[in-house]
Each structure stands twice: as structure tokens, then as C-alpha cells.
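Structure record follows, encoded as C-alpha cells.
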Amino acid sequence: MEHQLQIYNTLSRKKEHFKPINPGMVGMYVCGPTVYSDVHLGNCRTFISFDLIYRYLLHLGYKVRYVRNITDAGHLEGDRDEGDDKFAKKAKLEQLEPMEIVQRYTLGFHDVMREFNTLPPSIEPTATGHICEQIEMAKEIIAKGYAYEVNGTVYFDVEKYNKEFPYGQLTNRKLEELLEGTRELGGQDEKKGRLDFALWIKAKPEHIMRWPSPWGWGFPGWHIECSAMSSKYLGDTFDIHGGGMDLQATHHTNEIAQSQACNHKAPVNYWMHTNMLTVNGTRMSKSAGNGFLPGELFTGNHPLLEKGYSPMAVRFFMMQTHYRSTLDFSNEALQASEKGYARLMNAIKLLDNLKTSSTSTSNIQELKKKCYEAMNDDFNAPILVANLFEGARIINSVNDGKENISAEDLQTLKETMHNFVFDVLGLKNESSNTSKDKALQGVMDIILDIRKEAKAKKDFATSDKLRDDLAKNNITIKDTKDGVTWSIQE
RNA sequence: GGUCCUGUGGCCGAGUGGCUAGGCAGAGCUCUGCAAAAGCUUCUACAGCGGUUCGAAUCCGCUCGGGACCUCCA
């Protein structure tokens, strides 16, 4: 496996040469969604970014175990250890059992991921399915002396941990600085330290989601599920852990602390964080209320949207920005991507019908090399896309007879375009194959045949009437030199 | 307030010392019964000021602007 893959590691704040623990194999864990409401586009961006990373690792020939969890238990609403959990709160609103909420939004999440053509992870574990593992881990951390129990709730002792291990390494912060930013403990607090966080939380009488534990009935804390499930399926130390940048400071910092305290090993070699999706320069988030749902994006049914955009146009839009940069949403940018995506796809369709020559006027090997260089440089999809557009330019020029390509180079070009566009970027042709579509195709063939005959007889009145009447029904006819094409305006 | 990121042409967005990605829009051309589309070619840029250097969008400093995290959040 010869490559020079560089990955930006949040731990070192540098790009590092990627070297997996076991040659040829990669263990990757990504923090998945909390399924108490619909995923919005910002959530989707993270999972699409990691889909690109997963796909490229697979393309390089790695055997990848990709674990992405479903958080379906425990998370509290506020920063205090009080209040309802998200599932119970939503359940009251919707008059449903908490697990009904979980089921509904898990299915919705999967639907959306399928629309965006993401590959399913190898394992998709749920927090509620791993309560035993989380309890065992909490017990182990207590046994090692880094956690303590108060009235049925178990807290992680951050200040004690920090004496032996660096607590804030992921955000480059010292404990003293972190302490400054927190409130004083009140009289009612059970915690010993201001930064201490819960591994296990005692359930109040009205709390529906609850499990028995050595400390009584309760539910797991905010961060323990990822530590427990990642070590179960990937080992105490594994290659890549990813998630959104918003998880870096708290969730991932605490994950490291839990695993380190439990196993006395650094859990992860490469920490990867994807950046946020913004709308008008501000982060899209549930609390800010500036999010929209994928379904609204596809249909255009939202005040922020001028029209609907197809899943692949949106995916392509995301691929034109590096995963560590913020991506600002706008109708203008999305429409630009939509057109660019169509241009790329049209070029690929021409690939099968290109005429070959004895020599080539463009350096196809060089193009292929540049594609790999782009992706090896910390998954730089925007550079890859730029190179693929250079490929599209070559294809179009050969098609127009302005450039030549040898049979061998054409084969290389085909492989390169297909590998990177479909396998790595995860794009696909969006033409559907339902029986209705096939019937419509048949009807259109008949109409276009009549129009062709009219044109041959120079009966332009008839041919223009057909074109105009179809246009009134949102069907656009285009006479290209290679024949007639038609498309439906959404 | 603390930690960190960021400011690129009309818009989106790469690039971290010399060779000025790419897409969209604009312009020109080709194709064409007309129309539309498409293809090819092409213009416009590095927030401001100062410094380092033979040379800076790229390194350093300051100023101004934007953002994230520090509380659940991908």
C-alpha cells in the first residue's frame, strides 16, 4: 500500500503521515447523532465529510472498521445535572414513549444518509444497547481512583486525573485556565470539583429511561458511551476518532480522560474534527434556530431557500470545501455547485464515446497523480474537484476534436474519473429508473421523433409548437449537435 | 474575559515564500432554421499599516472586521 496520506491531527495541530496500528487495517470511530429530533444539514455535513474519508481509505485498499454510534440515552438538557433528558422531554411533547422517539428519528437519519449516498458504517452501536459496558467502565474508573459516587451519581474527578495526565490537551488548555471559566460550586452541588462530570446519573422518580446499576437506578452520563463502545469494537487504542469541532472541547476531552483513566493508554492516535456549516456567517444549530432539514432543502420548502436542490448537488457543494473549513450556505453558492456538478456529469457521460488517436495532447498520468496528491494531503477534496474539472475540460476538447487522446490514456482517464467521482467523492447519477420514468421516456421518444421528421421537412411551425408546448409543461428541449436532449424543470 | 480559527476577484472557495487552483456569474468565439443549452478562450484578488527577505496573498508585529469553543449541540 504505497501512499503518502497525511492527516491533520488535532492532538498535534499538524498534518502527520498516517500510519495505522495494524498494517492494512484502520479502526475509525465517529460520534453519531443524538436521535431526539430530525438531523439538520449541519449534522449531515459532518457525516458526509467522514463518508469521504471512509471512502478514500477504502479506495487506498484499507480494510476499515468504521463505527458510528447512535446516541439514544441520557443526554441532559442543560449544564447542570438536573432536568429531564432530551428523549423524555421530547416524548412528553409528542405523547410518545422515549424509545418511539429514538426509533422515529433513527429511521429518519438513515433515510437522509441514504439520500446523500453515504456508505453505512460497519457497526452502528446504540448507547442503550451498551449500558452494561458503560457501567463496567464506570466501575473500573472508580476502582482506579479517578471517580467517586455521591447519592447514586458517579462523577469523574478531573483535578485528580490532571495530576497524572494532561486533561485539556485536545484544546491546548491548562486546568487552571479551564477552572477560571467555570462557576463556583453551589451549596447543593454533589461534585467535588468544578470540572467534574458525570459517568452515571441517578434517575429521578419520573425519569422513564433508567437502568439498574451498582449505584441504584439511573442512566449513563454524557460522554461514557463513546469511550465504552469505541474500546469494545476498536480496542483500547485505535487509529482515528472523528466528530464535529463542537465536540472537541468537552465531549472528546472527557472521552480521552475516561479512557486514559480506565486503561492508562491514549485511546486514539489521530483525532479529526470537521468544521461547521454556517448560514450568513453564523453556525447552523438547533438552538440558533437557523437550521433547515434535508427534506426542506430537497423540496425548497423553507424561507431561506429560493428553490430545491438535489442531494447530489448538495453533496457536491460540500465537496468543494475542505472539511476543516467552515462552509457558508447560500442559494447563490448552491446554484453554482448545481451547475458545476451537471458539467462534470455531462463530461463523464461523453467518456464512453470518445475517439482515440495514436498520441495524447494532455498528460493524463499527471492528472491522475494530482488527484491522488490532493486526497493524500489531508483529504483535500476541493483540489481534487479542480483536477476533475481539468479532466472534464480534456474530455470535452477531445469530443470536439480539438485535442487527442491515446487508447491507453483514455482508459486511465476513465478509471480516474470514475474512481474519484463515484467511489471517492460518493457522487452518483440521479436519473431514476421507475416504471413511470421509463414510460415518460417512451412518450418523449415518440414526440421527439415526430419533431425530428417535421424538422427534416423544414416544417418549423410544427417543431416549434412541440417545443413550446412541452416548455409550458416544464419540459425543456435542447437541440445539440449530437441529438436532442430533454429535461424536466423542478 | 480566556483558548483558537479566520479575512482571497461580483459570489463560493483552494493555495502557506518565487511558477498567480477550480466552480458560478461576466465578456468573446464556435455550433445552430430559430431558441435554448453546451463547448472553447478570457478579464477582475489576496482587509489595512509596518517589518523580515533578492522576492510575500503566503513569515513576523500592530490595527480593524468575522467566527467557533469555554453550557446541550455534527
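All chains are named by letter (A, B, ...) in the order of the sequence lines, taking the proteins before the strands, and each is independently numbered beginning at 1. Only heavy atoms go into these numbers, but all of them, side chains included; no hydrogens, no water, no symmetry mates. It should be emphasised that the depicted structure is a prediction, and the values quoted were computed from it without experimental measurement.
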If I pick the [atom1] atom on [M] and the same atom on [N], what distance separates them, to the nearest angstrom?
N	M	atom1	value
rG61(B)	rU6(B)	P	14 Å
rG10(B)	rG26(B)	P	15 Å
rA56(B)	rC72(B)	C1'	44 Å
rA47(B)	rA57(B)	P	10 Å

Has [X] got a side-chain N or O lying under 4.0 Å from the OP1 or OP2 atom of [N]?
X	N	answer
Arg324(A)	rC4(B)	no
Arg393(A)	rG22(B)	no
Lys339(A)	rA25(B)	yes

So does [X] reach the base of [N] with its side chain, donor to acceptor, closer than 3.5 Å?
X	N	value
Arg467(A)	rA36(B)	no
Asp464(A)	rG33(B)	yes
Asp479(A)	rC34(B)	yes

Can a donor-acceptor pair be found between the side chains of Asp409(A) and Ser360(A) at a distance below 3.5 Å?
-> yes
Assert: residue with more 5' nearest nucleotide on RNA chain B, out of Gly32(A) and Phe460(A), is Phe460(A)
Only one of Val424(A), Val421(A), Leu367(A) passes side-chain contact (heavy atoms from CB on, under 4.5 Å) with Leu388(A), and that residue is Val421(A)
side-chain contact (heavy atoms from CB on, under 4.5 Å) with Thr10(A): of Gln248(A), Met245(A), Gln169(A), His241(A), only one passes, and it is Gln248(A)
Taking a pair to mean Watson-Crick or G-U wobble geometry with both distances below 3.5 Å, rG65(B) pairs with rU6(B)
pair_partner(rG17(B)), Watson-Crick or wobble, both distances < 3.5 Å, evaluates to none
* Would Lys465(A) and Asp468(A) count as a salt bridge (Lys or Arg N to Asp or Glu O under 4.0 Å) if you check the C-alpha gap in whole Å, the side-chain angles of each, and the deciding distance to 0.1 Å? -> CA-CA 5 Å; Lys465(A) 177 176 166 49; Asp468(A) 294 345; over 6 Å; no
